[in-house]
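Worksheet: one structure, shown below.
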Amino acid sequence: QEQLVESGGGLVQAGGSLRLSCETSEFSSSFYSIGWFRQVPGKDREGVSCINNGDGTTYYLDVAEGRFTISRDNAKNTVYLQMSSLIPEDTAVYYCAAAPLPPKALYQLGPYGLIDYWGKGTQVTVSS
């Protein structure tokens, strides 16, 4: 059974919006943070945004802040990434991850293979 399931990816024109969802049923504890990461073939995975289940503390990639918003619905065990003003450089496979860490720590450790729980990813393609 998959523990983290992403959805909501797709093809969108530059300037458009998408909302990604991550079902996190196995990681609903307030000790967990859930994060969004993205990866382009041939490049390192990078953190996009993370949120703590307990107090809602968030952390963002610089280029995402102001355009992307992470949120959670604890009743649905789902974390969302609302992406607006999308640019072609946002094209990537987007993954969600979970760890019993503060959101900034999850953000910093995720790209280095130090987080155990990942979804399979959802493709986001932004056309110019």
Side-chain angles (χ1 to χ4, degrees):
Q1 181 178 358
E2 297 178 33
Q3 297 173 309
L4 294 165
V5 182
E6 303 97 335
S7 62
L11 173 64
V12 64
Q13 289 188 331
S17 300
L18 280 174
R19 187 177 78 161
L20 306 183
S21 300
C22 176
E23 296 177 16
T24 66
S25 299
E26 302 292 323
F27 306 100
S28 60
S29 165
S30 61
F31 295 108
Y32 275 86
S33 291
I34 309 297
W36 286 98
F37 297 80
R38 64 186 184 185
Q39 189 167 24
V40 176
K43 293 189 177 181
D44 293 335
R45 188 170 297 185
E46 67 175 355
V48 177
S49 185
C50 299
I51 187 168
N52 176 256
N53 283 342
D55 62 11
T57 303
T58 59
Y59 196 80
Y60 287 92
L61 175 69
D62 288 348
V63 296
E65 198 158 17
R67 297 190 299 124
F68 295 2
T69 302
I70 191 169
S71 63
R72 74 198 193 287
D73 184 332
N74 287 341
K76 295 182 178 179
N77 291 323
T78 301
V79 172
Y80 302 100
L81 184 69
Q82 178 67 49
M83 305 187 295
S84 303
S85 301
L86 286 162
I87 59 178
E89 290 76 14
D90 294 319
T91 295
V93 178
Y94 284 70
Y95 299 89
C96 65
L101 294 169
K104 183 176 181 179
L106 171 59
Y107 177 92
Q108 292 174 329
L109 295 175
Y112 297 99
L114 299 174
I115 302 301
D116 291 334
Y117 303 109
W118 293 89
K120 293 185 176 181
T122 185
Q123 176 71 47
V124 171
T125 303
V126 184
S127 63
S128 57

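Numbers for residues simply follow the sequence, beginning at 1.
Applying the ring pair (Phe, Tyr, Trp, His ring centres under 6.0 Å) rule to pairs touching residues 45-82 yields Tyr59-Tyr107, sequence neighbours excluded.
The shortest non-hydrogen separation linking Asp55 to Asn52 is N-OD1, 2.9 Å. Annotation for Cys22 and Leu4: closest pair SG-CD2, 3.9 Å, computed over non-hydrogen atoms. In plain terms, the two heavy atoms of Gly9 and Thr122 that are nearest each other are N-OG1, 3.1 Å. Summarising the geometry of Ala92 relative to Val40, their closest heavy-atom pair is CB-CG2, 3.8 Å, with the distance given to 0.1 Å. Closest of all the heavy-atom pairs between Gly56 and Ile51 is O-CG1, 3.8 Å. Minimum interatomic distance between Asn77 and Ser28 (heavy atoms only, all atoms of both residues): OD1-CB, 3.3 Å.
For the pair Met83/Leu20, a side-chain contact is recorded, criterion being any heavy-atom separation below 4.5 Å from C-beta on. With a 4.5 Å cut-off on side-chain heavy atoms, Ser33 and Phe27 do not count as touching. Tyr117 places none of its side-chain heavy atoms less than 4.5 Å from the side chain of Glu26. Residues Ile34 and Asn53 meet the side-chain proximity criterion, which asks for heavy atoms closer than 4.5 Å. Looking at heavy atoms from C-beta onward, Leu106 lies in side-chain contact with Phe37 at the 4.5 angstrom threshold.
For Glu6 (side chain) and Cys96 (main-chain N/O), a donor-acceptor pair under 3.5 Å exists by modelled atom type. Between the side chain of Thr125 and the backbone N or O of Thr91 there is no donor-acceptor pair closer than 3.5 Å.
Note that CG of Leu101 is 10.5 Å distant from CD of Gln108, once rounded to the nearest 0.5 Å. Here the CD1-CD distance, from Ile70 to Gln82, works out to 12.0 Å after rounding to the nearest 0.5 Å. From Ser49, atom OG reaches atom CG of Leu61 across 9.0 Å, with rounding to the nearest 0.5 Å.
A salt bridge links Arg38 with Glu46; the closest basic N to acidic carboxylate O contact falls under 4.0 Å.
Cluster annotation: Val12 and Tyr94 are assigned to the same hydrophobic cluster (Ile/Leu/Val/Met/Phe/Trp/Tyr, side-chain heavy-atom contacts under 4.5 Å, transitive). Ile115 and Val79 are assigned to two separate hydrophobic clusters, defined by single-linkage of ILVMFWY side chains at heavy-atom distances under 4.5 Å.
In this structure, Leu11 shares a hydrophobic cluster with no other residue, the cluster being traced through Ile, Leu, Val, Met, Phe, Trp and Tyr side chains under 4.5 angstrom apart.
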request  = Evaluate the side-chain contact (heavy atoms from CB on, under 4.5 Å) criterion for residues Ile87 and Arg67: first the C-alpha distance (whole Å), next the side-chain angles of each, then the deciding distance (0.1 Å), finally the verdict.
outcome  = CA-CA 10 Å; Ile87 59 178; Arg67 297 190 299 124; 4.0 Å; yes

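The environment of CG in Asp44 is sparse: at most 12 heavy-atom neighbours from other residues, nucleotides or ligands sit within 6.0 Å.
The aromatic rings of Trp118 and Tyr95 lie perpendicular to each other, with more than 60° between the two planes, well past the 30° mark.
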